[in-house]
Amino acid sequence: MNSRIFFLLVAIAVLVQPCASNICFAQDTPTEARRSQKIERQFGAGQTQRAATMTMMEENSQSSGLVLLGSNNARGSVMFTETLEVSTNTPFQMCGITLRLASAAPENVRIAVRPRNHPESAWILLTIDDHADNENMNDDLARQTGNMTLHTHPAILAAETSSIDVKVELVRSALRRNPVLQSYHCFVHSPGHTAPEALSSVLPSSRQQKSNASLQNSMFPRPVFTTRTNWGCPWGQTSGPNTLTPTTPTHLIVHHSFSPGNDVTDWAAAVRGIWSFHVNSNGWSDVGYNWLIDPNGVIYQGRAWVGESDNTQGAHFCGFNGQTMGVCMLGNFNDVSPSPAALSSLVRLLAYRASANSINPRGMSFHTNSMRNLNHISGHRDGCATDCPGNALYPQLPTLRNRVVALLNPPAIEKTSVNVLGTQSAEVSALVRPNGSATDVFVEWDNALSVPPALRNRRMVRQFAAQDTASTVSTVISGLDPRGVYVYRFIAQNSDTSAQTSQNTFSLGQTSVTAQQVAANLRITPNPVRDLAQITYTLDAPAFVRIRVRDIRGTIIAELVNGTELRGEHITTFREENIANGLYYCYLEIMSAAQSHYTVQPLMLVR
């Protein structure tokens with residue numbers, strides 16, 4: 001810190017009695033009664049009440065606030081002794097501070113809280129919440145005059161906390177020599193326990209997947225999420241009395257909540273607490289984030305939607321919120337990384353929005369609202385000075401961009417073939433398209449007469465780099481039984497999805513089995529599929545045909561055709577009511593005495 005900067009210490013312990021004039025209990029619904037409490041203090045003109053001590057400080061009516069005594073004093077303090085009361089029927093309490101300042105800037109302030117009934121507790125430093133609605137955080141006039149309102153992220157306190165100390169430090173700097181603390185309010189929220197029956201609705205289920213996963217103009221489905229109603233938003237699915245603004249995202253912004261920390265178990269309660277702070281303390285029109293993700297990978301609907309569209313302008317990016325989508329990872333990720341489950345949910349959510357809005361996940365473009373060139377997937381700190389989304393999460397953004405690309409562009413495998421080399425070996429090959437992502441290719445094989453559910457032999461054939469183009473891969477399998485019949489398949493895996501061929505057979509008595517064009521014009525109509533689809537294919541000659549539908553992991557979820565078909569056009573119907581919405585692949589396999597061929601088409605299911 002600059003040697004010319006000094007701190008002004010104001011240690012405040014706050015007592016509040018129910019129904020006193022300076023207390024506000026939020027009562028949006030009967031269940032919210034006594035859940036929230038706001039203690040407001042105005043400074044200046046003799047309004048500092050019951051001061052136990054005031055050292056090197058004075059109230060200044062001209063400045064309408066607390067100022068340093070004299071022109072050279074480095075610091076001063078003022079002490080209040082009062083208590084807090086909110087419901088203790090809660091997993092934790094959340095406490096945040098809002099300051100009204102003059103002749104100051106965000107960097108001139110440091111704020112901490114400590115429970116008084118736990119004197120051994122360390123001070124909890126509160127960070128400034130610079131997500132900001134489109135208000136004074138980035139207002140040029142506010143920056144010039146130093147007149148602004150600052151909110152903190154809330155601290156997490158034990159449920160039984162009955163009183164707290166609040167410590168405010170004002171920083172005297174070369175540019176801001178005389179900061180003035182005009183007022184503050186301390187907001188405490190008791191989110192309450194999430195009811196067991198509500199907790200069950202928070203966890204993803206097939207019912208939820210069918211009800212709220214949809215395309216929304218995206219080739220990749222919107223992931224399963226917990227609705228505002230299910231996590232207990234007092235306004236339900238609506239924006240309450242407020243009218244929200246639609247926007248078209250061009251940039252996707254990643255955050256961490258900082259608080260609550262990483263040891264919370266009732267994450268729906270944490271979401272309710274964040275909503276209450278944004279609305280009842282900060283005065284925003286709704287929770288600032290569009291989406292929130294907990295360490296279990298559960299996705300929570302954030303800000304209410306405008307009609308049926310989830311493209312609502314939030315309050316999360318330093319006041320530059322237009323053309324953005326904000327995703328908050330619940331927890332503090334300055335020192336630890338989010339869980340693999342949380343990161344996977346983040347990748348799916350970013351992939352959905354990138355697909356819906358034709359956003360290149362690896363791209364960069366000019367963001368009009370912030371007047372900056374930004375990566376299309378950026379962190380909060382790319383818009384203003386903040387640690388968000390955390391020192392452990394922010395460096396992972398390049399990897400996350402690549403994972404989104406990988407999920408949206410799964411690898412493809414075509415033209416498998418077998419070339420028998422002798423009485424005990426054969427060369428298997430396939431054409432692999434990595435489609436822009438690092439991809440590992442494997443071959444699996446086994447004796448067809450003793451094949452288990454999973455083929456017992458596995459070998460890596462090639463590792464593709466992200467920049468590699470399509471290429472034929474091959475490997476020689478040796479030590480085979482000259483009289484045996486063998487089953488094999490190729491598998492291509494990138495970071496987030498995979499593709500695999502069907503299990504093909506060969507025997508060492510064959511001279512060659514090659515992939516040739518036997519079928520043409522494989523069509524799925526309609527696609528995306530909302531109820532049923534017709535799958536049309538054409539045979540040039542009689543052949544054995546098998547049509548299967550697989551998920552993105554390669555698991556077979558439906559078999560539509562398995563038998564011999566004549567030459568000509570054929571139509572089969574796909575209708576599976578018990579399959580969840582999402583991206584699938586339709587595999588058409590055609591086998592004859594001289595030819596073996598398969599074709600793959602993506603199939604998007606949405607209801």
Side-chain angles (χ1 to χ4, degrees), residues 219-220 340 343-344 346-348 350-351 354-355 359-364 375-377 395-419 421 426-446 454-478 487-504 506 513-517 550-556 582-589 596-603:
M219 284 302 294
F220 189 85
L343 290 173
S344 292
L346 176 62
V347 168
R348 294 198 306 274
L350 296 174
S355 174
I359 298 171
N360 177 3
R362 292 181 178 140
M364 172 183 284
N375 287 302
H376 292 157
I377 297 177
Q396 298 185 54
L397 291 185
T399 299
L400 291 171
R401 297 178 192 117
N402 288 334
R403 290 185 60 181
V404 173
V405 170
L407 187 58
L408 291 174
N409 300 275
I413 313 174
E414 306 170 7
K415 300 179 181 178
T416 58
S417 67
V418 178
N419 186 24
L421 300 179
E427 181 184 44
V428 293
S429 61
L431 176 66
V432 177
R433 301 182 187 277
N435 290 332
S437 296
T439 301
D440 295 337
V441 181
F442 301 87
V443 66
E444 296 179 338
W445 74 94
D446 211 329
L455 301 183
R456 294 173 293 183
N457 304 294
R458 180 180 175 94
R459 175 188 299 169
M460 178 175 283
V461 180
R462 177 172 171 180
Q463 290 181 305
F464 283 85
Q467 65 272 19
D468 289 342
T469 58
S471 178
T472 298
V473 301
S474 64
T475 187
V476 175
I477 303 174
S478 303
V487 178
Y488 78 98
R489 67 182 174 193
F490 280 91
I491 300 172
Q493 298 176 330
N494 62 30
S495 61
D496 284 80
T497 188
S498 65
Q500 67 181 38
T501 67
S502 59
Q503 293 186 7
N504 298 312
F506 70 91
V513 180
T514 59
Q516 300 180 19
Q517 186 65 32
R550 299 175 183 264
D551 63 19
I552 61 174
R553 294 176 295 276
T555 303
I556 298 172
L583 177 65
Y584 298 89
Y585 294 93
C586 180
Y587 284 73
L588 168 65
E589 305 169 56
S596 175
H597 171 79
Y598 79 93
T599 301
V600 182
Q601 290 280 4
L603 183 153

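Each residue takes its place number in the sequence, starting with 1. Everything numeric here is computed off the predicted structure, so don't read it as measured data.
Closest of all the heavy-atom pairs between Ser474 and Val461 is O-CG1, 3.6 Å. Between Leu407 and Asp496, the shortest heavy-atom contact is CD1-O, 3.7 Å. When every heavy atom of His376 is checked against every heavy atom of Asn360, the shortest pair comes out as ND1-O, 2.8 Å. Here the shortest heavy-atom pairing between Pro361 and Val404 reads CG-CG1, 3.6 Å. Heavy-atom minimum distance, Val441 versus Phe464: CG2-CE1, 3.6 Å. Annotation for Thr439 and Pro411: closest pair CG2-CB, 4.0 Å, computed over non-hydrogen atoms.
Remark: Tyr587 OH to Thr501 OG1 distance equals 7.5 Å, nearest 0.5 Å. Summarising the geometry, atom CD1 belonging to Ile491 is positioned 11.5 Å from atom CG belonging to Asp440; distances are rounded to the nearest 0.5 Å. Separation of atoms OG (Ser495) and CZ (Arg403) is listed at 5.5 Å; rounding is to 0.5 Å. In this structure, Ser344 OG and Leu400 CG are separated by 9.5 Å, a value rounded to the nearest 0.5 Å. Distance check, rounded to the nearest 0.5 Å: CZ of Arg462 to OG1 of Thr472 gives 9.5 Å. In this structure, CG in Asn375 is found 12.5 Å from CZ in Arg362, a value given to the nearest 0.5 Å.
Counting heavy atoms from C-beta on, the side chains of Val418 and Asn504 never come closer than 4.5 Å.
Although no hydrogens or angles enter the test, the distance criterion places no donor-acceptor pair under 3.5 Å between the side chain of Asn402 and the main chain of Thr399. At least one donor-acceptor pair under 3.5 Å links the side chain of Asp446 to the backbone N or O of Arg456. A donor-acceptor pair under 3.5 Å is formed between the side chain of Asn494 and the backbone N or O of Ala406.
For Ala430, the side-chain contact (heavy atoms from CB on, under 4.5 Å) test picks out Ile413, Thr416, Phe490, with sequence neighbours left out. With sequence neighbours excluded, the residues satisfying salt bridge (Lys or Arg N to Asp or Glu O under 4.0 Å) with Arg458 are Glu444.
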